[in-house]
Trainee: 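The structure under discussion is supplied below as structure tokens; questions concerning it will follow.
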Amino acid sequence: MANTNYTREPIVPSMDLFGAVSDEMRLKILLLLDQAEFTVNEIKDILDIHQSNASRHLAKLSSCNLLKDRRDGIKAYYRLSEELYLSDRMLSMIREAYEELPDKDVLKCRAAQALEERSDKTKNQIHKLDQAGGSLKAQISLFSKLMQPFEQAVDVGCGEGGDLSLMLCNRCRHVTSLDCDPKVISGFQKILKQKNIQNVSPKVADMVKTGLPGDFADLVLMSQVLHHAMDPRLALKEAVRILKPGGTLALLDLAQHKEESFRTTHGHIWLGFDRSQLEFFVKELNCSIIESEIIPSENEVDKKLPVICMILTKNR
């Protein structure tokens with residue numbers, strides 16, 4: 001008898017589902033929303049179709065639980081659903097189908113242009129440590145678990161000012177600080193020069209393609225960055241790849257919440273994570289969860305959200 005012991009995934013195959021993804025225009029919409037969230041108007045402009053057609057295709061995909069939408073005034077932003085991101089086999093099949101689209105590169109270029117037009121509105125509103133999920137209590141909890149010295153540390157998504165990289169450089173021989181924004185890295189380089197800090201190397205890099213060699217670091221820190229990832233599993237996979245066997249992956253991120261405005265004000269893609277959701281993401285990686293803690297907000301006045309602190313180690 002064939003082995004049918006598959007991992008249960010949220011998206012269950014059905015005739016309606018395959019009918020939805022077999023349409024070329026709907027596949028193009030999935031391709032766009034795999035890049036970022038878009039409004040109906042942006043989608044119809046990129047695909048050069050009538051708004052009523054765009055709305056009809058979006059409704060079909062949403063009915064199969066492939067898309068989610070959020071409201072911002074009169075606008076509706078669509079994105080791939082969390083359930084689809086958690087359905088590895090279905091997502092892989094859809095992404096492989098993208099390659100059959102003859103104009104896939106043109107669509108990606110148009111999507112990038114649409115995002116560039118929006119970028120000026122949010123580029124100065126990056127989520128810092130002292131904002132919604134960055135309470136002092138959360139930072140103390142994280143660093144209390146990282147008291148031992150490390151040789152090579154990587155701070156993924158160091159952010160403006162590189163606060164955590166500066167903390168790490170006092171207990172690590174060398175720190176590599178990564179951020180996808182060249183302006184952030186340029187500003188951090190100036191700070192390091194002013195402080196005459198020699199053991200921190202800033203680098204422009206995406207969290208899913210760091211450009212670092214495998215088995216590079218004995219500590220990888222991901223603080224308040226995973227909710228910006230299109231596919232959190234790819235970001236975690238890359239973090240584990242650059243980690244030495246026996247090394248530590250320290251993860252701090254928002255617990256699941258309903259603050260939809262964060263998608264616009266802070267550029268968040270995911271509204272935090274459920275602890276079991278993160279455990280689902282890491283279950284197929286070559287690592288073990290050492291600690292997992294939900295840290296509540298310090299008080300109601302601060303209006304800070306709970307965060308998840310998770311410590312993993314890469315198996316030898």
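Reckoned from all heavy atoms, side chains included, excluding hydrogens, waters and symmetry mates.
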Trainee: Does the side chain of Gln51 come under 3.5 Å of the side chain of Asn53 through a donor N or O and an acceptor N or O?
Mentor: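 Asn53 and Gln51 do not have a side-chain donor-acceptor pair below 3.5 Å.
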Trainee: Side chain to side chain contact (heavy atoms under 4.5 Å, CB included) for Phe273 and Leu254? Distances and angles first, verdict last.
Mentor: CA-CA 6 Å; Phe273 300 95; Leu254 292 173; over 6 Å; no
Trainee: Measuring from Ile289:CD1 to Ile311:CD1, what's the distance to the nearest 0.5 Å?
Mentor: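 It comes to 11.0 Å.
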Trainee: Using atom types as modelled and distance alone, determine if a side-chain donor or acceptor of Ser63 lies under 3.5 Å from a backbone N or O of Lys60.
Mentor: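 Present.
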Trainee: Is it the case that one hydrophobic cluster holds both Leu101 and Phe38, taking links as side-chain heavy atoms less than 4.5 Å apart, direct or via other members?
Mentor: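 Yes, Leu101 connects to Phe38 through the hydrophobic network.
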Trainee: Using modelled atom types only, decide if a donor and an acceptor are shared between the side chain of Ser22 and the backbone of Gly19 within a distance under 3.5 Å.
Mentor: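 Checking the backbone N and O of Gly19 against the side chain of Ser22, a donor-acceptor pair under 3.5 Å is found.
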Trainee: Does a donor on one side chain and an acceptor on the other come within less than 3.5 Å for Asn199 and His174?
Mentor: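 No, His174 and Asn199 have no side-chain donor paired with an acceptor closer than 3.5 Å.
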Trainee: Using 4.0 Å as the upper bound for N to carboxylate O, is an ion pair formed by Lys68 and Glu83?
Mentor: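 Counted as a salt bridge, because a side-chain N and a carboxylate O are separated by less than 4.0 Å.
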Trainee: Take Leu285 and Lys237 through the test side chain to side chain contact (heavy atoms under 4.5 Å, CB included) and record every step on the way to the result.
Mentor: CA-CA 7 Å; Leu285 302 177; Lys237 183 177 181 180; 4.0 Å; yes
Trainee: Kindly determine whether Asn196 and Gln194 satisfy side-chain hydrogen bond (donor to acceptor under 3.5 Å, both in side chains), including the steps that lead there.
Mentor: CA-CA 6 Å; Asn196 194 29; Gln194 292 171 355; over 6 Å; no
Trainee: Shared ILVMFWY cluster between Phe18 and Leu30, side chains joined below 4.5 angstrom?
Mentor: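 Yes: a chain of side-chain contacts under 4.5 Å links Phe18 to Leu30.
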Trainee: Counting only heavy atoms not in Lys244 (residues, nucleotides, ligands), do more than 12 fall under 6.0 Å from its NZ?
Mentor: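 It does: Lys244 NZ has more than 12 such atoms within range.
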Trainee: Does atom NZ (Lys195) have a neighbourhood of more than 12 heavy atoms from anything else shown, all under 6.0 Å?
Mentor: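 Counting neighbours around NZ of Lys195, 12 or fewer heavy atoms of other residues, nucleotides or ligands fall under 6.0 Å, so no.
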Trainee: Is there a side chain to side chain contact (heavy atoms under 4.5 Å, CB included) between Val106 and Cys109 once you walk through the steps?
Mentor: CA-CA 5 Å; Val106 173; Cys109 182; 5.7 Å; no
Trainee: Could you check Leu31 against Lys108 for side chain to side chain contact (heavy atoms under 4.5 Å, CB included), going step by step and ending with a plain yes or no?
Mentor: CA-CA 8 Å; Leu31 168 65; Lys108 288 180 180 179; 3.7 Å; yes
Trainee: Of all the heavy-atom pairs spanning Thr39 and Tyr77, show the shortest one and how long it is.
Mentor: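 For Thr39 versus Tyr77, the nearest heavy atoms are CG2-CE2, 3.5 Å.
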Trainee: Is the closest side-chain heavy-atom distance between Glu82 and Gln277 below 4.5 Å?
Mentor: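 Heavy-atom side-chain distance check passes, below 4.5 Å.
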Trainee: Apply side-chain hydrogen bond (donor to acceptor under 3.5 Å, both in side chains) to Asp69 and Ser62, showing your working.
Mentor: CA-CA 9 Å; Asp69 68 273; Ser62 297; 5.3 Å; no
Trainee: Atom OG of Ser223 and atom CG of Leu251: how far apart are they, to the nearest 0.5 Å?
Mentor: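 The distance works out to 8.5 Å.
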Trainee: Return yes if a side-chain donor-acceptor contact under 3.5 Å exists between Ser288 and Asn315, otherwise no.
Mentor: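 A donor-acceptor contact under 3.5 Å links the two side chains.
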Trainee: If we only count heavy atoms from C-beta on, is the Val200 to Asp155 side-chain gap below 4.5 Å?
Mentor: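 No, too far: nothing below the 4.5 Å cut-off.
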Trainee: Would you mind checking if Arg233 and Asp88 are paired as a salt bridge, meaning a charged N to carboxylate O distance below 4.0 Å?
Mentor: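 Here Asp88 pairs with Arg233 in a salt bridge, since their nearest N and O are under 4.0 Å apart.
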Trainee: Could you state the interatomic distance from CD (Glu291) to OG1 (Thr313), rounded to the nearest 0.5 Å?
Mentor: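 So the CD of Glu291 and the OG1 of Thr313 are separated by 12.0 Å.
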Trainee: Is Leu61 reachable from Val12 through a run of I, L, V, M, F, W or Y residues, each pair having side-chain heavy atoms under 4.5 Å apart?
Mentor: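 Different hydrophobic clusters.
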Trainee: Given side chains that start at C-beta, do those of Leu312 and Thr248 come closer than 4.5 Å, heavy atoms only?
Mentor: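 Not in contact.
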Trainee: Between CE of Met222 and CG of Leu236, what distance do you get to the nearest 0.5 Å?
Mentor: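 Spacing of CE (Met222) from CG (Leu236) equals 5.5 Å.
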Trainee: Specify the closest pair of heavy atoms between Met90 and Glu9, including all atoms of both residues, with the distance to one decimal.
Mentor: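 The pair with the smallest heavy-atom distance is N-OE1, 4.1 Å.
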Trainee: Has Asp48 got more than 12 heavy atoms of other residues, nucleotides or ligands less than 6.0 Å from its CG?
Mentor: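 Counting neighbours around CG of Asp48, 12 or fewer heavy atoms of other residues, nucleotides or ligands fall under 6.0 Å, so no.
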Trainee: Does the side chain of Asp34 come within less than 4.5 Å of Tyr98's, by heavy atoms?
Mentor: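 Tyr98 vs Asp34: side chains touch.
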Trainee: In this structure, would Leu33 and Met25 fall into the same cluster of hydrophobic residues linked by side-chain contacts under 4.5 Å?
Mentor: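 Yes, Leu33 and Met25 fall within the same hydrophobic cluster.
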Trainee: Are Phe262 and His257 an aromatic pair by the rule of ring centers under 6.0 Å?
Mentor: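 Under 6.0 Å, so yes.
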Trainee: Which atoms form the tightest heavy-atom contact between Met310 and Glu279, and what is the distance?
Mentor: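 In this case the closest contact between Met310 and Glu279 is CE-CG, 4.3 Å.
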Trainee: For a 4.5 angstrom cut-off between non-hydrogen side-chain atoms, does Leu67 reach Arg79?
Mentor: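 The answer is no; the side chains never approach within 4.5 Å.
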Trainee: For Lys203, is the NZ atom crowded, meaning more than 12 foreign heavy atoms sit under 6.0 Å from it?
Mentor: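 Atom NZ in Lys203 is crowded, with more than 12 foreign heavy atoms closer than 6.0 Å.
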Trainee: So Phe281 and Trp270, would you call those rings parallel, tilted or perpendicular, with 30° and 60° as cut-offs?
Mentor: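 Because their plane-to-plane angle is over 60°, the rings of Phe281 and Trp270 count as perpendicular.
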Trainee: Determine whether a donor-acceptor pair (N or O, by modelled atom type, separation under 3.5 Å) exists between the side chain of Arg110 and the backbone of Ile46.
Mentor: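 Confirmed, Arg110 side chain pairs with Ile46 backbone.
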Trainee: Do Glu238 and Asp206 make a side-chain contact, defined as non-hydrogen atoms from C-beta onward lying under 4.5 Å apart?
Mentor: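 Not in contact.
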Trainee: Are the side chain of Ser177 and the backbone N or O of Pro202 linked by a donor-acceptor pair below 3.5 Å?
Mentor: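 Not confirmed, Ser177 side chain does not pair with Pro202 backbone.
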Trainee: Is any side-chain heavy atom of Gln256 less than 4.5 Å from a side-chain heavy atom of Arg275?
Mentor: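 When only atoms from C-beta onward are counted, Arg275 and Gln256 do not touch, as no gap falls below 4.5 Å.
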Trainee: Looking at Ile185 and Cys158, what are the two nearest heavy atoms and their distance?
Mentor: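 Distance-wise, the nearest heavy atoms are CD1-SG, 4.1 Å.
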Trainee: Under 4.5 Å between any side-chain heavy atoms of Phe188 and Leu166, yes or no?
Mentor: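 Yes; the side chains approach each other to less than 4.5 Å.
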Trainee: For the pair Ser276 and Asp274, evaluate side-chain hydrogen bond (donor to acceptor under 3.5 Å, both in side chains) and give the outcome as yes or no after the intermediate values.
Mentor: CA-CA 5 Å; Ser276 62; Asp274 183 82; 2.3 Å; yes
Trainee: Do the side chains of Asp103 and Lys28 get close enough for a salt bridge, i.e. N-O under 4.0 angstrom?
Mentor: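 Yes, charged N to carboxylate O under 4.0 Å.
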Trainee: Hey, quick one: are Tyr85 and Met93 part of the same hydrophobic cluster, counting side-chain heavy atoms closer than 4.5 Å, chains of contacts allowed?
Mentor: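 The answer is yes; both residues are in one hydrophobic cluster.
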Trainee: How close do Cys309 and Leu252 get, heavy atom to heavy atom, and via which atoms?
Mentor: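 Looks like CB-CD1, 3.9 Å.
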Trainee: Taking the side chain from Asp179 and the backbone from Val184, do they hold a donor-acceptor pair closer than 3.5 Å?
Mentor: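 No: the side chain of Asp179 does not pair with the backbone of Val184.
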Trainee: Determine yes or no for a side-chain-to-main-chain donor-acceptor pair under 3.5 angstrom, with Arg26 supplying the side chain and Ala20 the backbone.
Mentor: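 Side chain of Arg26 to backbone of Ala20, a donor-acceptor pair under 3.5 Å: yes, one is there.
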Trainee: Calculate, to the nearest 0.5 Å, the distance between atoms CG and CD1 belonging to Leu107 and Ile29 respectively.
Mentor: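 Interatomic distance, Leu107 CG to Ile29 CD1, rounded to 0.5 Å: 10.5 Å.
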Trainee: Can you sort out the partners of Leu243 under side chain to side chain contact (heavy atoms under 4.5 Å, CB included), two or more places apart, ordered by chain and number?
Mentor: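 Listed in chain order: Val220, Leu249, Lys314.
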Trainee: Could you grab the distance from atom CG of Leu27 to atom NZ of Lys104, nearest 0.5 Å is fine?
Mentor: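 Going from the CG atom of Leu27 to the NZ atom of Lys104 covers 11.5 Å.
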Trainee: Please report the shortest heavy-atom distance between Ala54 and Ile43, naming the atom on each side.
Mentor: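 Scanning both residues, the minimum pair turns out to be CB-CG2, 4.5 Å.
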